[in-house]
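Chain naming here is simple, since letters A, B, ... match the order of the sequence lines and numbering starts at 1 in each. In what follows, every heavy atom counts, from backbone to side chain, and hydrogens, waters and symmetry copies are set aside. Remember, predicted model here, so these are calculated numbers, not experimental data.
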Number of protein chains: 2
Amino acid sequence: MTLFASLAEPSRREILNILIEGETTVNTLVDRMPLSQPSVSKHLKVLREANLVTQRIDGQRRWYALNNQPLQELDQWLAPFRQQWSRRLDALGQHLDQTSMTKPSQGQKGETP
Amino acid sequence: MTLFASLAEPSRREILNILIEGETTVNTLVDRMPLSQPSVSKHLKVLREANLVTQRIDGQRRWYALNNQPLQELDQWLAPFRQQWSRRLDALGQHLDQTSMTKPSQGQKGETP
DNA sequence: CCCATATATTCCTTTACAGGTATATACTGA
DNA sequence: TCAGTATATACCTGTAAAGGAATATATGGG
């Protein structure tokens with residue numbers, strides 16, 4: 001499953017949000033979610049395969065932790081769109097400049113009194 | 001459909017990527033994608049409902065354009081995770097400081113020979 | 001070795017969705 | 001008004017995935 005598809009499932013995003021607080025075990029997650037243990041385990045498997053979490057084995061417990069790398073990829077995927085909206089802000093800025101009541105005489109930018 | 005679910009579909013992400021270049025019509029998209037016209041229209045409907053695109057009607061053409069707002073929400077969703085990985089970088093920095101070969105006497109950072 | 005605990009896997013059912021074909025709707029120009 | 005173009009919708013089919021119950025696997029304690 002792709003990164004996006006893994007994140008499409010609300011329960012999986014919830015798991016990631018819980019993991020922000022730190023490493024936890026499967027049962028801890030089960031206690032905090034309205035899902036059966038097998039369901040949680042299956043979601044964790046998906047997250048593992050998407051590399052969104054790592055698993056550390058400690059006796060009969062499995063400690064799960066966030067892995068940020070794929071989220072950084074998501075961050076990068078957003079980059080071209082971010083350019084879009086910053087360009088829009090620029091345009092807005094220009095527009096405001098053009099329509100502003102201040103004399104546009106000299107200063108181009110950042111000329112706050 | 002949620003924002004994430006809308007983005008989970010590769011063809012829809014492709015459409016968004018095409019729209020970065022600017023407003024286009026449905027047929028233009030169809031020409032650039034390996035999908036039938038009805039399929040593209042259905043994806044556009046999903047994207048519209050997720051508010052990821054806007055539609056401008058011009059005679060028999062419908063011009064579709066990106067709407068950044070939901071992507072900015074995605075950006076915000078990432079925020080807490082970003083804190084995670086920046087914290088990690090901090091930790092790495094500290095670790096490097098502690099294990100560095102330079103006398104830890106005075107200079108704290110940026111003391112490259 | 002036996003039982004309890006922690007987690008994973010299998011199996012089954014239901015649902016959602018993507019894709020196509022066919023068709024409807026709306027606009028345009030002659 | 002009619003033919004043609006642009007887009008949307010309806011309908012059908014195949015597939016994937018989510019959820020639970022039951023079961024398997026592995027570990028720890030006595």
Side-chain angles (χ1 to χ4, degrees), chain A residues 1-67 70 74 77, chain B residues 1-67 70 74 77:
Chain A
M1 206 180 297
T2 86
L3 170 61
F4 282 94
S6 309
L7 293 174
E9 227 291 322
S11 301
R12 286 197 284 266
R13 292 201 300 279
E14 173 67 14
I15 290 178
L16 294 182
N17 273 314
I18 293 177
L19 287 181
I20 290 182
E21 305 167 15
E23 235 185 6
T24 60
T25 65
V26 180
N27 264 333
T28 308
L29 289 170
V30 173
D31 289 344
R32 297 183 57 176
M33 305 187 63
L35 285 181
S36 67
Q37 177 266 313
S39 292
V40 171
S41 275
K42 278 182 279 186
H43 283 310
L44 286 170
K45 183 179 189 175
V46 173
L47 292 173
R48 243 184 296 131
E49 285 168 354
N51 205 28
L52 281 160
V53 301
T54 59
Q55 190 196 46
R56 179 172 66 88
I57 296 178
D58 168 33
Q60 49 193 127
R61 305 265 160 85
R62 275 91 216 266
W63 293 88
Y64 281 90
L66 265 184
N67 182 24
L74 177 56
W77 179 84
Chain B
M1 204 181 299
T2 87
L3 170 61
F4 282 95
S6 308
L7 294 174
E9 227 292 321
S11 301
R12 285 197 286 265
R13 291 200 302 279
E14 173 67 14
I15 289 177
L16 295 182
N17 275 314
I18 292 178
L19 287 180
I20 290 182
E21 305 166 17
E23 233 185 6
T24 60
T25 66
V26 179
N27 264 332
T28 307
L29 289 170
V30 173
D31 289 344
R32 297 184 57 175
M33 305 187 64
L35 285 181
S36 67
Q37 177 266 312
S39 293
V40 172
S41 274
K42 277 182 280 185
H43 283 309
L44 287 170
K45 182 179 190 179
V46 173
L47 292 173
R48 241 185 297 132
E49 285 168 355
N51 204 27
L52 280 160
V53 301
T54 58
Q55 190 197 47
R56 179 171 66 87
I57 296 179
D58 169 32
Q60 50 193 105
R61 306 266 159 84
R62 275 91 215 267
W63 292 87
Y64 281 90
L66 265 184
N67 182 24
L74 177 56
W77 179 83

Using atom [atom1] of [X] as one end and atom [atom2] of [N] as the other, report the distance to the nearest whole Å.
{"X": "Asp58(A)", "N": "dT5(C)", "atom1": "CG", "atom2": "P", "value": "18 Å"}
{"X": "Glu9(B)", "N": "dA18(C)", "atom1": "CD", "atom2": "P", "value": "5 Å"}
{"X": "Leu47(B)", "N": "dA18(C)", "atom1": "CG", "atom2": "C1'", "value": "14 Å"}
{"X": "His43(B)", "N": "dT7(D)", "atom1": "NE2", "atom2": "C1'", "value": "15 Å"}
{"X": "Met1(B)", "N": "dA18(D)", "atom1": "CE", "atom2": "P", "value": "14 Å"}

So if I take residues 10-23 of chain B and measure heavy-atom distances to DNA chain C, which residues fall below 4.0 Å?
Ser11(B), Arg12(B)
Residues forming a side chain to side chain contact (heavy atoms under 4.5 Å, CB included) with Arg56(A), sequence neighbours excluded
Glu23(A), Asp58(A), Trp63(A)
Side chain to side chain contact (heavy atoms under 4.5 Å, CB included) filter on Val46(A), not counting sequence neighbours, yields Met1(A), Ser6(A), Arg12(A)
Checking Lys42(B) against Glu9(B) for the salt bridge (Lys or Arg N to Asp or Glu O under 4.0 Å) test, could you report, in this order, the C-alpha distance in whole Å, the side-chain angles of both residues, the deciding distance, and whether it holds?
CA-CA 12 Å; Lys42(B) 277 182 280 185; Glu9(B) 227 292 321; over 6 Å; no
Of all the heavy-atom pairs spanning [X] and [Y], show the shortest one and how long it is.
{"X": "Arg48(A)", "Y": "Val53(A)", "value": "N-CG2, 3.6 Å"}
{"X": "Tyr64(B)", "Y": "Leu44(B)", "value": "CE1-CD1, 3.7 Å"}
{"X": "His43(A)", "Y": "Ser11(A)", "value": "NE2-CB, 3.8 Å"}
{"X": "Val30(B)", "Y": "Leu35(B)", "value": "CG1-O, 3.8 Å"}

Side chain to side chain, Leu66(A) and Leu52(A), heavy atoms closer than 4.5 Å:
no
I'd like to know if the side chain of Asn67(A) and the backbone of Asn51(A) have a donor-acceptor N/O pair within less than 3.5 Å.
yes
Treating Arg13(B) as the side-chain partner and Ala8(B) as the backbone partner, does any N or O pair qualify as donor plus acceptor under 3.5 Å?
yes
Axis-to-axis angle for the helix from dC1(C)-dG30(D) to dA30(C)-dT1(D), ends of five pairs each, to 10°, equals 20°
Residues at least two apart in sequence or cross-chain that pass side-chain hydrogen bond (donor to acceptor under 3.5 Å, both in side chains) with Ser36(B), listed by chain then number, are Ser39(B)
Protein proximity profile, nucleotides 7-12 of chain C - base contact B, sugar-phosphate-only contact S, no contact -, cut-off 4.0 Å on heavy atoms
BBBBB-
